[in-house]
Amino acid sequence: MAYLIDKKEGILTFTINREEKRNAVNDEVMDGLKEVITYVKDHNDVRFLVITGAGEKSFCSGGDLSVFHALETEEQAFGMLSKMAGILYDLATLPVPTIALINGTAVGGGCEIATACDFRLVASHAKAGFIQGTLAITSGWGGGTYLFERGLRHDRALKMLVDAKPYDAQTLYEIGWAMRVYFEGTKEEALNDFIEHMSKIHPSVHQAYKEIELRKWRESNMYERVMEEVRTCAKLWESEAHHKAVNSFLTKAKK
Ligand SMILES: CC[C@H](C(=O)O)C(=O)SCCNC(=O)CCNC(=O)[C@H](O)C(C)(C)COP(=O)(O)OP(=O)(O)OC[C@H]1O[C@@H](n2cnc3c(N)ncnc32)[C@H](O)[C@@H]1OP(=O)(O)O
């Protein structure tokens with residue numbers, strides 16, 4: 001299975017389970033995210049939704065280039081990008097706290113998934129970065145829009161996007177992208193420590209506080225802004241520079 005779903009004591013955990021591809025996102029992973037988001041919407045006993053990656057090396061390496069490199073045109077790219085952007089918008093607007101438990105490298109779309117979550121807990125060895133720029137495209141699943149929205153200082157958000165390189169855990173914490181860096185113990189221990197106090201608060205309080213932000217998003221056409229980001233990425237996707245960069249990665253991988 002390309003993903004695992006586990007539920008324990010009100011904590012629903014979605015694990016991207018494709019270590020051989022550094023937990024890259026393919027259609028099966030997208031469908032799994034839709035499934036877990038629907039479960040949260042249909043059940044009122046979920047306190048937290050956690051997104052993480054299998055293994056210790058990678059949280060998520062973004063879209064599966066070996067699959068999505070076949071998308072040639074703007075229209076073909078828009079189809080995939082808008083599907084995942086819609087899923088991440090549903091994730092970002094869930095009424096329960098969402099936690100990206102970053103067990104390893106989070107790059108490209110993996111960084112976008114993490115940014116769409118309310119909280120980011122980062123392992124001290126992990127790195128994260130919007131590396132889409134190295135492929136001559138922008139973020140295309142809404143991650144750039146969420147980054148500017150999530151309260152990072154503008155200069156830090158813009159530099160993280162335009163640097164298009166992985167930042168180490170300490171830097172991620174200093175710029176305000178990582179809520180917490182964990183050094184010892186397991187990621188599960190880090191998670192339990194992080195949610196210990198929040199777990200004692202009635203879920204209706206969490207929902208009410210999240211609604212304050214979601215109300216602002218609805219009033220400021222957040223979804224439309226996300227889709228503008230998708231359209232921009234789809235346009236750049238068609239460029240020769242993008243296809244050349246992807247082929248270069250895939251050729252290197254085959255050596
Ligand atoms: C809008 C989002 C956008 C989109 O796709 O739509 C994106 O996400 S664009 C960004 C896409 N992602 C990348 O460009 C990241 C590519 N991967 C890497 O840079 C590295 O793999 C890294 C840093 C994640 C991990 O490096 P490490 O040295 O630990 O591993 P390898 O590079 O040797 O990779 C191991 C194995 O996994 C395959 N792999 C890794 N990432 C991907 C990926 N995104 N898609 C497909 N396959 C991936 C890699 O090819 C190796 O396979 P192997 O068969 O063992 O050679």
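In each ligand, atom 1 is the first atom listed, and ligand 1 is the first ligand listed. Only this structure's heavy atoms are used, side chains among them; waters, hydrogens and symmetry mates stay out. In this text, all values refer to a predicted model and were calculated from it rather than measured experimentally.
- For the salt bridge (charged side-chain N to carboxylate O under 4.0 Å, His left out) with K235, the qualifying choice from E74, E75, E228 is E74, the only one to do so.
- A side-chain N or O of S139 and one of E229 form a donor-acceptor pair less than 3.5 Å apart.
- Selection from R22, E19, K21, R18 by nearest heavy atom to atom 26 (O) of ligand 1 gives R22.
- Only the side chain of A24 comes within 4.0 Å of ligand 1, judged by heavy-atom distances.
- Considering each of F59, F68, F130, F249, the one bringing a non-hydrogen atom nearest atom 19 (O) of ligand 1 is F249.
- Side-chain N or O atoms of H69 include none that pairs as donor or acceptor with a backbone N or O of N247 at under 3.5 Å.
- Heavy-atom contacts of G109 reach the following atoms of ligand 1: 2 (C), 7 (C), 8 (O) (cutoff under 4.0 Å).
- Only the side chain of I131 comes within 4.0 Å of ligand 1, counting heavy atoms alone; its backbone N, CA, C and O stay farther away.
- F59 and L65 fall within a single hydrophobic cluster, where Ile, Leu, Val, Met, Phe, Trp and Tyr side chains are chained together by heavy-atom contacts under 4.5 Å.
- Polar contact check, V107 against ligand 1: no nitrogen or oxygen pair lies under 3.5 Å apart.
- Salt-bridge check for K83 with D31: passed, with a basic side-chain N closer than 4.0 Å to an acidic carboxylate O.
- Taking distance alone, with nitrogen or oxygen atoms compared against 3.5 Å, S61 approaches ligand 1 more closely than that limit.
- Remark: ligand 1 atoms within the under-4.0 Å shell around heavy atoms of L81 are 1 (C), 6 (O).
- Among K127, E229, E112, the residue whose heavy atom sits closest to atom 1 (C) of ligand 1 is E112.
- Listed by number with element, the atoms of ligand 1 under 4.0 angstrom from any heavy atom of M80 are 6 (O).
- Legend: side-chain hydrogen bond (donor to acceptor under 3.5 Å, both in side chains) pairs involving residues 201-217, not counting sequence neighbours, sorted by first then second residue: R47-H206, D118-K210, E149-K216, E149-W217, R150-E213, H202-S204, E211-R218.
- Grouped by direct or indirect side-chain proximity (heavy atoms under 4.5 Å, Ile/Leu/Val/Met/Phe/Trp/Tyr only), I131 sits with V107.
- Of the heavy atoms in L135, only side-chain atoms (C-beta onward) come closer than 4.0 Å to ligand 1.
- F14 contributes atom CZ, which lies 11.0 Å from atom OG1 of T52 (distance to the nearest 0.5 angstrom).
- For E20, the heavy-atom gap to ligand 1 drops under 4.0 angstrom.
- Looking at G140 next to ligand 1, no N or O pair under 3.5 Å apart turns up.
- The closest donor-acceptor contact from the side chain of Q132 to the backbone of I137 lies at 3.5 Å or more, if one exists at all.
- Within ligand 1, the atoms closer than 4.0 Å to a non-hydrogen atom of G62 are 8 (O), numbered from 1 in the order shown.
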